[in-house]
Amino acid sequence: MTTTAPPGAEEQTDAPAADAGGRRTAARRIPTGNGLVFVLPFLLVFGLFMVWPIVQGLWMSFTDSSLALRDTNFVGLDNYTEAFGDPDVWSSLGNTVFFTVISSVPLVLVALAMALLVHSGLAGQWAWRLSFFAPYLLPVTVVTMIWTWLYQPELGMANQLLDTLGMEPVGWLSDESVAMWSVAALTVWWTVGFNFLLYLAALQSLPTTFDEAAALDGAGAWRRLWSITLPQLRRTTGLVAMLQILASLKVFDQIYILTKGGPNGSTRPVLEYVYDVGFTGYRLGYASAVSYLFFALVVLVSLVQFRLFRRED
């Protein structure tokens, strides 16, 4: 026997409902379109300045687009094939990886040491925090100007110090074997303050019960640091390392201003090579292909790091 629903049955979701205690409560209505009004401005800006440039750049990488030519032709994978066989691409990629290694390791270790030093309760806490974090607030042009004078061959403080110690002067920015180390030293001094703050915040949020219990059991300061404090900072260290590796892979500003990739391309990173090819050589299509290959590498590194940290957790 077929039964028909009483009138208004389709609107029962809006009718009062009984809770566990038998009391009548009004059903909750969920608005569906109001949130879109607030999200739409962000979506428009994000699509205009993020999504569209990414799509446009990807399409450009399959063309011979150039600043010197008006016509653009589709060339398929020719730009990517050329990039894989370009020795300058591999050389600049090697410089980028080398800089990432020699800058990321001290930026993690030095930041941790600075945070532990401040957290230990030294006198003049505000002065230590200000001196450690202040360089991070400086713009890149000011930082490179300071270090250009420090690295100046004849009047720079670095060679003056070496002369005082009876050592030969060093071509900090002109020697191919030293130039990248000079840029890494600048980068550590400039950006270590951010990692220092992350570590200091983590140290201040750690519970003190484990450390106090270990001290009562006779554990020394180094044993408590190695067995209690550092294991609790594992998540913070993973975050700092991941952020620092990604930032170092994208290095461009300080190298371009300080050395412009010299001497003889020994400090030229991938992003500077993309800039040189695209805006000096006018080959926008080829520069786009190189940039997307590098983008794929950065994504791969990010995924590997994320997978490793998840496995440790």
Side-chain angles (χ1 to χ4, degrees), residues 46-47 49-63 65 74-109 111-112 180-181 183-184 187-188 191-192 194-195 198-199 233-256 261 265-279 281 283-313:
F46 183 78
F49 293 101
M50 289 293 294
V51 178
W52 173 246
I54 291 175
V55 174
Q56 181 70 12
L58 183 61
W59 164 253
M60 191 180 297
S61 68
F62 296 104
T63 67
S65 177
F74 182 79
V75 296
L77 297 176
D78 290 352
N79 289 329
Y80 290 92
T81 303
E82 181 181 353
F84 276 109
D86 189 348
D88 290 333
V89 172
W90 293 105
S91 175
S92 60
L93 180 60
N95 292 336
T96 304
V97 173
F98 180 62
F99 172 82
T100 301
V101 173
I102 65 175
S103 63
S104 297
V105 174
L107 276 168
V108 174
L109 298 180
L112 175 60
M180 188 64 83
W181 292 93
V183 177
T187 305
V188 171
T191 61
V192 72
F194 180 74
N195 296 340
L198 293 179
Y199 270 121
L233 293 175
R234 185 180 306 168
R235 288 178 177 271
T236 304
T237 300
L239 174 64
V240 170
M242 181 172 63
L243 294 177
Q244 190 54 60
I245 290 175
L246 295 179
S248 296
L249 285 173
K250 297 183 294 182
V251 62
F252 173 78
D253 298 346
Q254 62 266 40
I255 290 182
Y256 183 76
S266 60
T267 61
R268 181 170 64 175
V270 171
L271 293 184
E272 185 175 342
Y273 179 71
V274 171
Y275 174 83
D276 292 339
V277 171
F279 295 97
R283 300 185 61 191
L284 293 181
Y286 181 64
S288 299
V290 176
S291 64
Y292 273 89
L293 288 176
F294 180 64
F295 173 73
L297 175 63
V298 172
V299 171
L300 179 62
V301 171
S302 303
L303 292 176
V304 170
Q305 287 183 308
F306 182 72
R307 186 66 178 270
L308 290 176
F309 294 150
R310 284 192 60 186
R311 183 174 299 177
E312 289 181 0
D313 292 340

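The first residue of the sequence shown is numbered 1, and numbering continues consecutively from there.
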Enquirer: If I compare all heavy atoms of V188 with all of P106, which pair ends up nearest, and what's the gap?
Expert: CG2-CG, 3.9 Å
Enquirer: Do L293 and V89 make a side-chain contact, defined as non-hydrogen atoms from C-beta onward lying under 4.5 Å apart?
Expert: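 No - every pair of side-chain heavy atoms lies 4.5 Å or more apart.
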Enquirer: Roughly how far apart are L271 CG and D253 CG, rounded to 0.5 Å?
Expert: 9.5 Å
Enquirer: Side chains of E272 and T267: does their closest heavy-atom pair fall under 4.5 Å?
Expert: no
Enquirer: L246 versus S302: any side-chain heavy-atom pair under 4.5 Å?
Expert: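 Side chain of L246 against side chain of S302, heavy atoms only: contact under 4.5 Å found.
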Enquirer: Does Y199 reach the side chain of T237, with side-chain heavy atoms less than 4.5 Å apart?
Expert: yes
Enquirer: Please check if the side chain of Y292 supplies one atom and the backbone of L58 the other of a donor-acceptor pair under 3.5 Å.
Expert: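 Present.
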Enquirer: For N195 and V240, indicate whether the former's side chain and the latter's backbone hold a donor-acceptor pair under 3.5 Å.
Expert: no
Enquirer: Testing the basics here: between A289 and N79, what is the closest heavy-atom pair and its distance to 0.1 Å?
Expert: CB-CB, 3.6 Å
Enquirer: F294 versus L249: any side-chain heavy-atom pair under 4.5 Å?
Expert: yes
Enquirer: Got V277 and V290 here, is their nearest side-chain heavy-atom distance under 4.5 Å?
Expert: no
Enquirer: Enter the distance from Q305:CD to L243:CG here, rounded to the nearest 0.5 Å.
Expert: 9.0 Å
Enquirer: Residues in ring pair (Phe, Tyr, Trp, His ring centres under 6.0 Å) with F62, at least two apart?
Expert: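 For F62 the ring pair (Phe, Tyr, Trp, His ring centres under 6.0 Å) partners, ignoring immediate neighbours, are Y80.
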Enquirer: Assign the ring pair Y256 / F252 to parallel, tilted or perpendicular, where the plane angle (0 to 90°) is split at 30° and 60°.
Expert: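 Because their plane-to-plane angle is under 30°, the rings of Y256 and F252 count as parallel.
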Enquirer: Tell me, do L77 and F84 make a side-chain contact under 4.5 Å, heavy atoms counted?
Expert: no
Enquirer: With rounding to the nearest 0.5 angstrom, report the CG to CG distance, D276 to D88.
Expert: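 If I round to the nearest 0.5 Å, the distance is 10.0 Å.
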Enquirer: For the pair T191 and L107, evaluate side-chain contact (heavy atoms from CB on, under 4.5 Å) and give the outcome as yes or no after the intermediate values.
Expert: CA-CA 8 Å; T191 61; L107 276 168; 3.5 Å; yes
Enquirer: Not counting sequence neighbours, list each pair that qualifies as a side-chain hydrogen bond (donor to acceptor under 3.5 Å, both in side chains) and has a residue in residues 90-103.
Expert: S103-S248
Enquirer: Identify, with sequence neighbours excluded, every residue that meets side chain to side chain contact (heavy atoms under 4.5 Å, CB included) alongside W59.
Expert: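 With sequence neighbours excluded, W59 shows a side chain to side chain contact (heavy atoms under 4.5 Å, CB included) to T63, F74, given in chain and number order.
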